[in-house]
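Quick note: numbers below take in every heavy atom, side chains included, and nothing from hydrogens, waters or symmetry partners.
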Amino acid sequence: MVSLIALGGLVVGDVDLGHRISLSPKEGELFAFILTRNGHRVKKARIFSDFWPDRTDGDARQVLNTCICEIRKKLSRFEEKVKIGSLDVTRDEVTFVGEAWVDSVTFSAAVTSFLSKANASVFDELGDLELSRAYDVLSSYKGSFLEGYDTGWISPERTRLEELYLQGNRMCTRLFAKLARIEPAIESARKILEVDQFHEGAHCDLIRLLALNGQRAAALRQYNYYSDILHDELGIEPLKEAAILREKIVTGRLFADFDTELRKVGEALCPSNAVAEA
């Protein structure tokens, strides 16, 4: 079975057996394009428009045929060792024939399923085991989709997967807090900020969680960092809710009702990231 790792870069081969297929950047990107399509069947016209929009169909077809020939040649070298699959080509389509595992596809399906359950009526029914599995799936996000590549078709998919990652970690932050598992809740909030340093909801979650975990000084440092990047990078002030939170930490009022404050973790401060709408 062919494996394709697309999160954080691009690696093609059989991960379990340690086989790696050395494709050129354009061959690798084309192979990734095919394997991330539903059913692994792609119209050549779609490839022309996404990969070589400035070329005539004739020129694009010639370049595509060369790439396909090279990919098939490199895949065939592994057929005696591993059933790696191949590309089937017609006049109008390119199809991957064989079993394939793609990390971004697996990641997307798992996180979407988790969020669907968590946002539905079964929210309270999600157990610790299922939450831990979701946390592990989110930990498999090693970086942006096809990091280092910049063809036009990549950007929308990169944005979609990153948003799934942020939403998944926000939900994990909320659910871990609900279970009073503060350490993993803190880690989930930090993961959001590693990708989006302006995510005000995650900043507020992290500030509150650190304080509730007995790390008052760290919570206040986090607030200062949050305030500084908003001021320095965007010229705006923190959310009113964040300023109130800081005051409650300074005065000790945050700890008057521990459970109530813990339930506030993951609350929607605004329809989406506050900075995005500023």
Going by an N to O cut-off under 4.0 Å, is there a salt bridge joining Arg46 and Asp50? yes
Salt bridge (charged side-chain N to carboxylate O under 4.0 Å, His left out) between Glu247 and Arg253, intermediate numbers included: CA-CA 8 Å; Glu247 181 64 21; Arg253 288 187 295 117; 5.2 Å; no
Beyond-backbone contact of Ile34 with Arg37, side-chain heavy atoms, under 4.5 angstrom: no
Would you give the length of the straight line joining atom OG1 of Thr173 to atom CZ of Arg208, rounded to the nearest 0.5 angstrom? 12.5 Å
Just grab all the salt bridge (Lys or Arg N to Asp or Glu O under 4.0 Å) pairs involving residues 88-107, residues at least two apart or on different chains. Arg41-Glu93, Lys43-Glu93
For a 4.5 angstrom cut-off between non-hydrogen side-chain atoms, does Leu131 reach Tyr135? no
To the nearest 0.5 angstrom, please state how far the CZ atom of Phe107 sits from the OG1 atom of Thr112. 8.5 Å
With Lys264 via salt bridge (charged side-chain N to carboxylate O under 4.0 Å, His left out) - residues at least two apart: Glu261
Verify, without hydrogens or angle tests, whether Ser76 (side chain) and Lys73 (backbone) share a donor-acceptor contact under 3.5 angstrom. yes
Any donor-acceptor N/O pair, Asp205 side chain to Gly266 backbone, under 3.5 Å: yes
Pairs in or reaching into residues 25-35: which pass salt bridge (Lys or Arg N to Asp or Glu O under 4.0 Å), with residues at least two apart or in two chains? Lys26-Glu29, Glu27-Lys74
Look only at the side chain of Ser155 and the backbone of Gly152, and say whether a donor-acceptor pair between them is shorter than 3.5 Å. no
Could you walk me through whether Lys44 and Thr90 pass the side chain to side chain donor-acceptor pair (under 3.5 Å) test, one step at a time? CA-CA 9 Å; Lys44 286 185 177 179; Thr90 67; over 6 Å; no
Can you tell which of Phe145, Phe96, Phe51, Phe48 makes a ring pair (Phe, Tyr, Trp, His ring centres under 6.0 Å) with Phe33? Phe51
Working to the nearest 0.5 angstrom, can you tell me the gap between Leu35 CG and Phe31 CZ? 4.0 Å
Where the side chain of Arg158 meets the backbone of Ser144, is there a donor-acceptor pair that is under 3.5 Å apart? no
When rounded to the nearest 0.5 Å, the distance separating CD1 of Ile192 from CZ of Arg170 is 6.0 Å
Find out whether Asn213 and Leu210 are in side-chain contact, i.e. whether some heavy atom of one side chain is under 4.5 Å from a heavy atom of the other. no
Any heavy-atom pair between the side chains of Val97 and Ser86 that's under 4.5 Å? no
Partner set under ring pair (Phe, Tyr, Trp, His ring centres under 6.0 Å) for Tyr149, not counting sequence neighbours: none
Residue pair Phe114 / Val137, side-chain heavy-atom distance below 4.5 Å: no
Closer than 4.0 angstrom, basic N to acidic O: yes or no for Glu130 and Lys117? yes
Over 60° means perpendicular and under 30° means parallel, so tell me whether His203 and Tyr225 are parallel, tilted or perpendicular. tilted
How long is the straight-line distance from CG of Leu30 back to CD1 of Ile71, given to the nearest 0.5 Å? 4.5 Å
Is there a side-chain contact between Ile47 and Val42, using heavy atoms and a 4.5 Å cut-off? yes
As an exercise, state the distance from OG of Ser3 to CE of Met1, rounded to the nearest 0.5 Å. 5.0 Å
Verify, without hydrogens or angle tests, whether Asn65 (side chain) and Arg61 (backbone) share a donor-acceptor contact under 3.5 angstrom. yes
With sequence neighbours excluded, tell me which residues meet salt bridge (charged side-chain N to carboxylate O under 4.0 Å, His left out) with Arg160. Glu157
Heavy-atom side-chain contact between Asp228 and Leu230 under 4.5 Å: no
Does the side chain of Leu193 reach to within under 4.5 Å of the side chain of Gln222, using non-hydrogen atoms? yes
For Tyr165, enumerate each residue passing the ring pair (Phe, Tyr, Trp, His ring centres under 6.0 Å) test, keeping only those at least two apart in sequence or located in another chain. Tyr141
